[in-house]
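Taking it in order: structure first as C-alpha cells, then the write-up.
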Amino acid sequence: MANAKTCFVIGAGFISLLTVSALIKAAPLKYTVVEIADQVMPQLLDETGGKALERGMREKGIEVMLGGSVSAIERRNGDGYGITLGSGKTFSADMIVCGTGVRPNVDFLSGSEVKLANGVVTNDRQETSVPDVYAAGDCAETHDFLSEERVVHAIWPTAIDQGRVAGANMAGDAHTYPGSLSWNVTELFGLASASVGEFRDRPGLEPIVFHNPAANIYRKLLLDGTRIVGAVVIGRAEHIQDLGVVQAMIRRKTDISKWKHMLGGERINYGMLAYETIKR
Ligand SMILES: Cc1cc2nc3c(=O)[nH]c(=O)nc-3n(C[C@H](O)[C@H](O)[C@H](O)COP(=O)(O)OP(=O)(O)OC[C@H]3O[C@@H](n4cnc5c(N)ncnc54)[C@H](O)[C@@H]3O)c2cc1C
C-alpha cells in the first residue's frame with residue numbers, strides 16, 4: 001500500500017465509492033472504477049444523479065468505466081495484480097477495492113424449517129416461519145414500505161427498527177413493522193449525495209426537479225398524487241441536511257398539495273413542510 005501507485009475499484013456502489021472517497025484524500029493514486037451498470041450508484045441514484053456524481057469523480061481524476069465487469073484477477077508475484085474485463089481489456093493495479101453488494105449469509109439454515117428467500121423470511125412482527133423464532137437486520141427479508149415488495153434492506157435504520165419490533169414481540173408485546181424505506185445520505189468526492197424512498201421515474205409518478213448543472217446541484221422529488229414518495233439529491237451539505245423531513249413526509253403520507261408550488265426552487269422551506277407533517 002505504501003508504494004502503491006494505482007488502484008482498481010470493482011463496483012461503483014455505496015461501499016466502494018465511500019472507500020475511494022476516503023482513500024483519495026490520503027493517497028493520490030491513479031484510480032480506475034469499473035461498474036457493471038450503466039451509471040454509478042445504480043441502487044441509490046437515478047440517471048441524472050449518477051451523472052452528477054460521476055462528473056464529481058472525474059473532476060477528482062478518477063477514471064470511470066460503465067457497463068463493464070471483471071472476469072479474472074491474477075496476482076503477479078511482487079508486482080500487484082492483473083485484471084481482465086469481460087470485454088478482454090486488461091489492467092494492472094497495485095491494489096484492488098471490491099464492493100459489489102451484500103447478501104445475507106443464511107445458508108446454514110437451508111433444510112431447516114426457517115423459510116428462506118433473499119434472506120430469512122419474516123412476517124410483519126419480524127417472526128420467521130417458525131413460531132417464536134425472530135429475525136431482524138441484514139439477514140431478514142421483510143416488505144418495502146412503499147411498494148410492499150419483499151426486500152432485504154441492509155442499512156442501520158432498518159436494522160434498528162426491525163430489532164425493536166422483534167425484541168418487543170419476543171417479550172410478549174404486539175408491535176408491527178411498518179415496512180422498510182430506502183434511505184441513504186453520504187458525502188462523496190466533495191459532493192453531498194442522498195436518496196430516500198423511490199428515486200427512479202416510472203409511469204404514475206410526477207417528478208419535480210431542480211437542476212443547476214453549472215454548480216452540479218440536482219434534486220428530484222417524486223410525487224404520487226398529493227404525496228411525496230421519494231427524493232434524490234446531489235449538491236452541497238445544505239441541500240441534503242433537511243431530507244429527514246422528506247423521509248417523515250413519506251412515512252406519514254403527508255398531503256403536500258398546498259406546498260407543491262414551492263418544491264421546484266433551489267431552497268425548500270422544510271420548516272413549513274415539517275409543520276405540515278407533524279400537525280396531522
Ligand atoms: C462497510 C459498510 C459501511 C456501511 N455504512 C452504512 C451507513 O453509512 N449507513 C447505514 O445505514 N448502513 C451502513 N451499513 C450497513 C449497516 O452496517 C448494517 O445494515 C447493519 O450493521 C446491520 O445490523 P445487523 O445487526 O443486522 O448486522 P451486523 O451489524 O453485521 O451484526 C451482525 C454481527 O453478528 C456477528 N456474527 C455473524 N455470524 C455470526 C455467528 N455465526 N455467530 C456469532 N456472531 C456472528 C457479526 O460478526 C456481527 O458482529 C454499512 C455496511 C458496511 C459493510
Side-chain angles (χ1 to χ4, degrees), residues 1 7 9-27 31 33 35 40-45 49 53 95-112 114 116-128 130 133-146 150-170 175 177-199 230-234 237 240-244 246-248 250-251:
M1 166 77 202
C7 177
V9 183
I10 306 169
F14 188 62
I15 300 298
S16 291
L17 296 192
L18 266 180
T19 307
V20 176
S21 187
L23 263 176
I24 206 167
K25 290 177 189 158
Y31 293 90
V33 178
E35 161 60 47
V40 301
M41 292 266 262
Q43 316 288 344
L44 298 176
L45 298 175
L53 180 59
M95 60 185 282
I96 294 176
V97 170
C98 182
T100 52
V102 290
R103 192 159 45 89
N105 182 3
V106 290
D107 291 350
F108 70 100
L109 289 168
S110 298
S112 77
V114 176
L116 302 175
N118 291 321
V120 177
V121 175
T122 61
N123 60 20
D124 62 6
R125 302 178 66 246
Q126 295 302 137
E127 193 175 26
T128 70
V130 177
V133 176
Y134 292 78
D138 283 6
C139 70
E141 184 192 293
T142 53
H143 68 282
D144 184 86
F145 176 78
L146 290 165
R150 304 292 304 171
V151 286
V152 175
H153 262 262
I155 56 172
W156 278 320
T158 294
I160 291 165
D161 289 348
Q162 292 179 353
R164 270 202 200 105
V165 171
N169 288 327
M170 288 162 85
H175 284 225
Y177 181 63
S180 304
L181 190 60
S182 170
W183 172 229
N184 283 280
V185 177
T186 190
E187 188 264 324
L188 291 164
F189 313 106
L191 285 172
S193 138
S195 68
V196 55
E198 294 205 40
F199 56 87
V232 53
V233 185
I234 294 280
I240 63 165
Q241 66 192 7
D242 294 316
L243 215 62
V246 174
Q247 193 228 29
I250 297 173
R251 283 277 190 202

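Ligands are counted one by one from 1 in listed order, and the atoms in each one are counted from 1 as well.
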> For Tyr31 and Val97, what are the C-alpha separation, side-chain angles and deciding distance, and is it a side chain to side chain contact (heavy atoms under 4.5 Å, CB included)?
Replying inline: CA-CA 10 Å; Tyr31 293 90; Val97 170; over 6 Å; no
> Can you tell me the protein heavy atom closest to atom 9 (N) of ligand 1 and the distance?
Replying inline: Trp156 CE3, 3.2 Å
> Just to confirm, does any protein heavy atom lie below 4.0 Å from atom 23 (O) of ligand 1?
Replying inline: yes
>> Can you check which of Ile15, Ile160, Val102, Ile155 brings a heavy atom nearest to atom 1 (C) of ligand 1?
In response: Ile15
> Should the heavy atoms of other residues, nucleotides or ligands under 6.0 Å from CZ of Arg150 be counted, would the total exceed 12?
Replying inline: yes
> Could any protein non-hydrogen atom be found less than 4.0 Å from atom 42 (N) of ligand 1?
Replying inline: no
>> What protein heavy atom lies closest to atom 15 (C) of ligand 1? Include the residue and the distance to one decimal.
In response: Ala154 O, 3.5 Å
>> Between Glu127 and Tyr134 (side chain of the first, backbone of the second, donor and acceptor by atom type, cut-off under 3.5 Å), is there such a pair?
In response: no
> Where do Ala12 and Val33 come nearest, in terms of heavy atoms and distance?
Replying inline: CB-CG1, 3.8 Å
>> Strictly less than 4.0 Å: does any protein heavy-atom distance to atom 3 (C) of ligand 1 fall in that range?
In response: yes
> Does atom CD of Gln43 have more than 12 heavy-atom neighbours from other groups under 6.0 Å away?
Replying inline: no
> Hey, is Phe14 touching ligand 1 through its side chain, its backbone, both or neither, going by heavy atoms under 4.0 Å?
Replying inline: side chain
> What do the steps show when you test Val20 against Cys7 for side chain to side chain contact (heavy atoms under 4.5 Å, CB included), and what is the final call?
Replying inline: CA-CA 9 Å; Val20 176; Cys7 177; 5.6 Å; no
> Counting only heavy atoms, which portion of Asp138 has something under 4.0 Å from ligand 1: side chain, backbone, both, or neither?
Replying inline: both
>> Quiz question for you: does at least one protein heavy atom lie closer than 4.0 Å to atom 17 (O) of ligand 1?
In response: yes
> Would you say atom 39 (C) of ligand 1 touches the protein, meaning some protein heavy atom is under 4.0 Å from it?
Replying inline: no
> Under 4.0 Å from atom 20 (C) of ligand 1, is there any protein heavy atom?
Replying inline: yes
>> Closer than 4.0 Å to some heavy atom of Gly137 - which atoms of ligand 1 meet that?
In response: 26 (O)
>> Pair Ile234, Leu45 - check side chain to side chain contact (heavy atoms under 4.5 Å, CB included), show working.
In response: CA-CA 9 Å; Ile234 294 280; Leu45 298 175; 3.9 Å; yes
> Given the protein's heavy atoms, is any one of them under 4.0 Å from atom 28 (P) of ligand 1?
Replying inline: no
> Numbering the atoms of ligand 1 from 1, which are under 4.0 Å from a heavy atom of Pro157?
Replying inline: 11 (O)
> Which pair of heavy atoms, one from Ala166 and one from Ala136, lies closest together, and at what distance?
Replying inline: CB-CB, 4.3 Å
> Under 4.0 Å from atom 45 (C) of ligand 1, do we find at least one protein heavy atom?
Replying inline: no
>> Students should be able to answer this: which protein heavy-atom is nearest to atom 25 (O) of ligand 1, and at what distance?
In response: Ala159 CB, 4.9 Å
> Considering residues at least two apart in sequence or located in another chain, which fulfil the side-chain hydrogen bond (donor to acceptor under 3.5 Å, both in side chains) criterion with Ser180?
Replying inline: Thr142, Tyr177
> What closest approach, in Å, do Val165 and His175 show between heavy atoms, and which atom pair accounts for it?
Replying inline: CG1-O, 3.6 Å
